[in-house]
There are 2 protein chains.
Amino acid sequence: MAAPRRSGRERVPPHPDIQTISLQQVLEALVDPVRRRIVSELYAARQDLACGTIELPVSKSTATHHFHVLREAGLIRQYYLGTSRMNALRRDEFDEAFPGLLSALVAVRDRG
Amino acid sequence: MAAPRRSGRERVPPHPDIQTISLQQVLEALVDPVRRRIVSELYAARQDLACGTIELPVSKSTATHHFHVLREAGLIRQYYLGTSRMNALRRDEFDEAFPGLLSALVAVRDRG
DNA sequence: CGGAAGGTACGATGCATGTCAAACTTTGAT
DNA sequence: ATCAAAGTTTGACATGCATCGTACCTTCCG
């Protein structure tokens, strides 16, 4: 039942407990428009999405960076499916820790 | 009825129409902990406060900068009362443009 | 008229972070 | 066993922004 162990770097990255995350960290994550776009797409899609299926105006390495920040801020959960890295919005957990914040943000018809 | 005119630099600063403000700008304003503290205090006080009555861990010139950013982001309204500059949270207007955002933010018991 | 209180304006500075290219890794298909 | 696909890692770089000190400006008070 234990997760399969690998030697060296774990291919399943660690996910923080949302209770340990500060509002500061959340806002630092969401202040970036690229990251907000990722969250918005996941929110609208209502299903997990591979990194590659979310079109972003940045290079692959930069995209990796942004997904990393979102994961560290407790907004998404990541796991592999073949070579694809899937991203799941931690909607319910996040909403419990920061009630109303996510919905207030995605509700905004962004003017830029 | 018109506001009193002065020559040279206006002592009453311009306030943006909230409809013209982007979520990006709002988040850039609120990502700073000093500025969030200002907003929190105004929110809790439920009355206008002079700059000097809000204790901040920064110099006067830095404080001025932060108030300026909040004003440009449509979060506060500023006016003079003698030598004191008063700050008013634009609560209702802001809430109309970004419903639920302010309350979601101030509701967070910040962990840092 | 001073002088003090309360801020503002202006540079200068230092750190944070968003960005990319290049090399590498893991997995899946041929 | 190769090769391609999808990301990751690392290092370098540039820009932005929070910060401060100093000088300055308004207003009030004696």
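A, B, ... follow the sequence lines: proteins, then strands. Residue 1 opens every chain.
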| remark: Testing C:dT8, D:dG7, D:dA18 for proximity to the side chain of B:Lys60, the answer is C:dT8
| query | Within a strict 4.5 Å, meaning less than it, do heavy atoms of the B:Val39 and B:Leu105 side chains meet? | reply | no
| field | Closest listed nucleotide, where the reference is the side chain of B:Ser61 and the choices are C:dA9, C:dA21, D:dC17 | value | C:dA9
| message | In this structure, how many angstroms lie between the C1' atom of D:dT27 and the CE atom of B:Met86, rounded? | response | 15 Å
| B:Arg85 side chain near D:dT27 phosphate (N/O to OP1/OP2, under 4.0 Å) | no
| query | Given atom OH of A:Tyr79 and atom C1' of D:dA6, what is their separation to the nearest angstrom? | reply | 15 Å
| Gap between atoms CD and C1', on B:Glu28 and D:dC17 respectively (whole Å) | 10 Å
| remark: Taken to the nearest 0.5 Å, the spacing of B:Arg36 CZ from B:Leu70 CG works out to 11.0 Å
| request: Check whether any side-chain nitrogen or oxygen of B:Thr62 sits under 4.0 Å from OP1 or OP2 of D:dC20, and answer yes or no. | output: yes
| said: What contact category does B:Ala63 fall into here, base, sugar-phosphate, or nothing, at under 4.0 angstrom with non-hydrogen atoms? | reply: nothing
| request: May I have the distance from A:Leu49 (atom CG) to D:dG7 (atom C1'), rounded to whole angstrom? | output: 16 Å
| field | Spacing between B:Leu56 atom CG and D:dC20 atom C1', to the nearest angstrom | value | 15 Å
| said: Nearest to the side chain of B:Tyr80, heavy atoms from C-beta on, is which of C:dG7, D:dA5, D:dT19? | reply: C:dG7
| query | Can B:Arg77 and B:Glu93 be counted as an ion pair, charged N to O under 4.0 angstrom? | reply | yes
| field | Between P of C:dG7 and CD1 of B:Ile76, the distance in whole Å | value | 12 Å
| said: Nearest whole Å is fine: how far is C:dA16 C1' from A:Glu72 CD? | reply: 17 Å
| task | Pick base, sugar-phosphate or nothing for A:Ser59, based on heavy-atom distances below 4.0 Å to the nucleic acid. | result | base
| message | Here's a test of your reading of the structure: between B:Phe67 and A:Gly82, which maps to the more 5' nucleotide of DNA chain C? | response | B:Phe67
| field | Any A:Thr83 side-chain nitrogen or oxygen under 4.0 Å from OP1 or OP2 of D:dA6 | value | no
| query | Just how large is the angle between the end axes of the helix from C:dC1-D:dG30 to C:dT30-D:dA1, five pairs per end, to 10 degrees? | reply | 20°
| query | For B:His65, which contact category applies under a 4.0 Å heavy-atom criterion: base, sugar-phosphate, or nothing? | reply | base
| request: First locate atom CG of B:Leu75, then atom CZ of B:Phe94, and finally report the distance between them rounded to the nearest 0.5 Å. | output: 4.5 Å
| Any chance the side chains of A:Tyr79 and A:Asn87 put a donor and an acceptor closer than 3.5 Å? | no
| Check: B:Thr62/B:Ser59 side-chain N/O donor and acceptor closer than 3.5 Å | yes
| message | Taking the cut-offs as 6.0 angstrom to the six-membered ring centre and 45 degrees off its axis, would you call A:Arg91 and A:Tyr43 a cation-pi pair? | response | yes
| Could you state the CZ-P distance from B:Arg71 to C:dG7, rounded to the nearest angstrom? | 14 Å
| Hey, is the side chain of B:Thr64 poking within less than 4.0 Å of OP1 or OP2 on C:dT8, counting only N and O atoms? | yes
